[in-house]
Amino acid sequence: MFALIDGNNFYVSAERVFSVKLRNVPTVVCSNNDGCAVARSQEAKALGVRMGQPLHELKPLIRDHGLQVRSANFALYGDISHRIVEILRGEVPRLEVYSIDENFCDVTGIRDREAFARHLRDKVLRWSGIPSCVGIGPTKTLAKLANKAAKAGAGVVDLAEPEAQARCLATFPIADVWGVGPRWSARLTGMGIHTAAQLRDAPTDLVLKEFGVVLTRTQRELQGHPCVELEEVEPDRKQIVVSRSFGERVTDHAAVAQALATFTVRAAEKMRRRGLVAAGVGFFAHSDVFRPELPQHSASRSVSLPTATADSRLLVGMVDRLMRGRLKEGIGYKKAGVVLMDLARPEHLQGDLFAPAIVGNDKLMSTLDAINAKFGRGTAGLGATGWAKKPAWQMRQRNLSPCYTTRLSDIPRAMC
DNA sequence: TCTGGGGTCCTAGGACCC
DNA sequence: TCTGGGGTCCTAGGACCC
């Protein structure tokens with residue numbers, strides 16, 4: 001039996017833990033670069049703010065309804081997320097961290113599931129300040145569905161029993177089922193399947209023929225047959241991408257190169273933290289797709305490396321060679337990124353018959369990582385990333401809150 | 001003027017092998 | 001007129017998730 005506990009409007013709730021003036025006030029948190037709304041408080045939803053709505057469309061609401069806007073502060077959200085995981089680990093024997101705001105828990109054998117779910121919510125709220133909802137079901141898909149239903153107000157919904165499932169699925173919109181996206185939702189609706197119950201009861205051979213094994217699995221899960229296990233250990237990443245939209249359009253190729261070097265260093269740090277090495281690397285850079293009247297260009301290239309590496313210097317050098325000569329004059333680049341591919345654990349690497357495997361200078365890289373962990377990101381690094389105070393490509397974060405829980409200088413002070 | 005970032009899996013088709 | 005059977009690997013595209 002699965003329970004899914006999910007933070008309500010998570011990013012907004014995380015901002016509200018420390019910023020009292022945001023409570024009970026319509027609030028949104030933006031994507032990077034302050035582009036669009038990615039989290040909305042109940043009050044903001046009531047004002048009609050849509051998921052992903054561009055920020056510039058929200059100006060009237062900011063002016064007339066006091067809509068509050070915050071830039072995404074992932075250091076804060078990630079830290080609060082870890083705290084919630086630790087709280088839950090103290091309560092359940094098995095747990096899967098599914099996303100920054102969702103955790104699946106094994107609640108098999110618990111007699112009063114609803115009371116236990118209420119206990120989890122209360123404890124998470126008291127210890128972390130984040131309100132949440134709990135959905136319970138015999139499969140992950142049903143637990144997700146129960147969680148969605150719980151958001152309607154009850155806070156906890158238990159779909160362990162078939163009668164409860166039947167009642168809930170009968171009116172549950174197909175578009176809200178986990179694993180059904182906009183495309184499939186439109187096709188299913190066209191076939192007369194509008195609710196979760198109708199998908200559950202559709203002929204399996206039809207679902208298999210039209211949508212493949214993925215949706216067929218979802219159908220089985222809706223029928224109460226578990227097809228997706230609890231994943232207690234996160235599988236190793238296969239690739240790591242670091243990409244950003246720039247704060248403004250950039251025509252200077254040296255500036256794009258600096259941005260790519262910065263992203264490469266970030267990606268390599270993430271990779272080393274996971275104990276992985278890359279056997280391939282790629283980059284891309286696009287002009288501003290939202291300005292079709294401007295000249296457009298998109299550059300990208302990737303290569304396999306002769307030997308896998310986790311050394312930032314080698315990777316920065318590779319990216320620099322890849323991009324050289326691939327950008328066009330007179331193009332304003334708006335977004336770029338770096339991809340580390342074919343990731344593996346170094347102990348699993350295939351050896352090279354003619355050259356010893358060189359995964360890079362471990363001591364140098366671990367010293368670099370240790371310095372940056374102790375004194376803050378960017379304390380020590382590579383010259384190729386540039387040391388300009390404020391590069392043109394830097395993303396906009398006009399309403400960034402302090403890193404209350406992860407930076408000593410940002411710790412809130414209590415005034416007596 | 002202003003529009004995010006980071007992932008995974010499945011499938012079909014082509015190239016190639018014996 | 002007849003023209004096999006069985007397999008792997010890679011890639012691109014399409015779908016999904018948060």
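Note: hydrogens, waters and symmetry copies are ignored here, and every other heavy atom, side chains too, is used. Throughout, protein chains are lettered first and strands after them, A, B, ... in sequence-line order, and every chain is numbered starting at 1. Predicted model only: the values in this text are computed from it and were never measured.
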**OP:** Using a cut-off of strictly less than 4.0 Å, decide whether A/Lys270 has a side-chain nitrogen or oxygen near OP1 or OP2 of B/dG5.
**Re:** no

Original post:
Under 4.0 Å between a side-chain N/O of A/Ser31 and OP1 or OP2 of B/dT3, yes or no?
Top reply: no

**OP:** With heavy atoms under 4.0 Å as the rule, sort A/Arg398 into base, sugar-phosphate or nothing.
**Re:** nothing

Subject >> Shortest side-chain distance from A/Arg291, nucleotide among B/dG6, B/dT1, C/dC16 >> reply: B/dT1

Subject >> Per A/Val213 side chain, nearest of listed nucleotides B/dG5, B/dT11, C/dA15 >> reply: B/dT11

Original post:
Looking at A/Arg396, does any N or O in its side chain come under 4.0 Å of the phosphate oxygens OP1/OP2 on B/dC2?
Top reply: no

**OP:** For residues A/Leu294 and A/Arg249, report the shortest heavy-atom separation together with the two atoms involved.
**Re:** CD1-NE, 3.6 Å

Original post:
Looking for any heavy atom pair under 4.0 Å, which part of the strands does A/Ile240 touch: base, sugar-phosphate only, or nothing?
Top reply: sugar-phosphate

Subject >> Charged tip of A/Lys148 within 45° of A/Phe172 ring normal and under 6.0 Å >> reply: no

**OP:** Establish, with yes or no, whether the OP1 or OP2 oxygen of B/dG5 is under 4.0 angstrom from a side-chain nitrogen or oxygen of A/Arg244.
**Re:** no

**OP:** Would you indicate whether A/Lys238, at its atom NZ, is surrounded by more than 12 heavy atoms from other residues, nucleotides or ligands within a distance under 6.0 Å?
**Re:** no

**OP:** Assign A/Phe211 to base, sugar-phosphate, or nothing according to its heavy-atom contacts below 4.0 angstrom with the strands shown.
**Re:** nothing

Original post:
DNA chain B: A/Val242 or A/Arg249, which has the more 5' nearest nucleotide?
Top reply: A/Arg249

Original post:
What about A/Tyr98 and A/Trp178, are their ring centers closer than 6.0 Å?
Top reply: yes

Original post:
Which value, in whole Å, describes the distance between the C1' atoms of nucleotides C/dC17 and B/dG4?
Top reply: 15 Å

Subject >> Proximal nucleotide (of B/dG6, B/dT1, C/dA15) relative to the A/Lys59 side chain >> reply: B/dT1

Original post:
Looking at B/dC9, B/dT8, B/dG5, which one has an atom nearest to any side-chain atom of A/Lys335?
Top reply: B/dG5

Original post:
Which residue, A/Val241 or A/Asp288, contacts DNA chain B at a nucleotide closer to its 5' end, judged by nearest heavy atom?
Top reply: A/Asp288

Original post:
What is the nucleic acid contact for A/Asp101, judged by heavy atoms within less than 4.0 Å: base, sugar-phosphate only, or nothing?
Top reply: sugar-phosphate

Subject >> Short side-chain N/O contact to B/dT3 OP1/OP2 from A/Ser245, under 4.0 Å >> reply: no

Subject >> Nearest listed nucleotide, side chain of A/Pro54, among B/dC10, B/dT3, C/dC16 >> reply: B/dT3

Original post:
When all nucleic acid strands are considered with a 4.0 Å heavy-atom cut-off, which category describes A/Val289: base, sugar-phosphate, or nothing?
Top reply: nothing

Original post:
What does A/Arg50 touch in the nucleic acid at a heavy-atom separation under 4.0 angstrom: a base, only the sugar-phosphate, or nothing?
Top reply: nothing

Subject >> Touch class at under 4.0 angstrom, heavy-atom based, for A/Val97 against every strand present >> reply: nothing

**OP:** Give one of base, sugar-phosphate or nothing for A/Glu102, where a contact means two heavy atoms less than 4.0 Å apart.
**Re:** sugar-phosphate

Original post:
Among C/dC17, B/dT3, C/dA15, which is the nearest nucleotide to the side chain of A/Lys334?
Top reply: B/dT3

**OP:** Applying side chain to side chain contact (heavy atoms under 4.5 Å, CB included), run through A/Ile100 and A/Tyr11 and close with a yes or a no.
**Re:** CA-CA 10 Å; A/Ile100 196 163; A/Tyr11 296 167; 3.9 Å; yes

Original post:
How about A/Tyr333 and A/His253: does a side-chain donor come under 3.5 Å of a side-chain acceptor?
Top reply: no

Subject >> Minimum-distance nucleotide to A/Ser99 side chain [options: C/dC18, B/dC2, B/dG5] >> reply: C/dC18

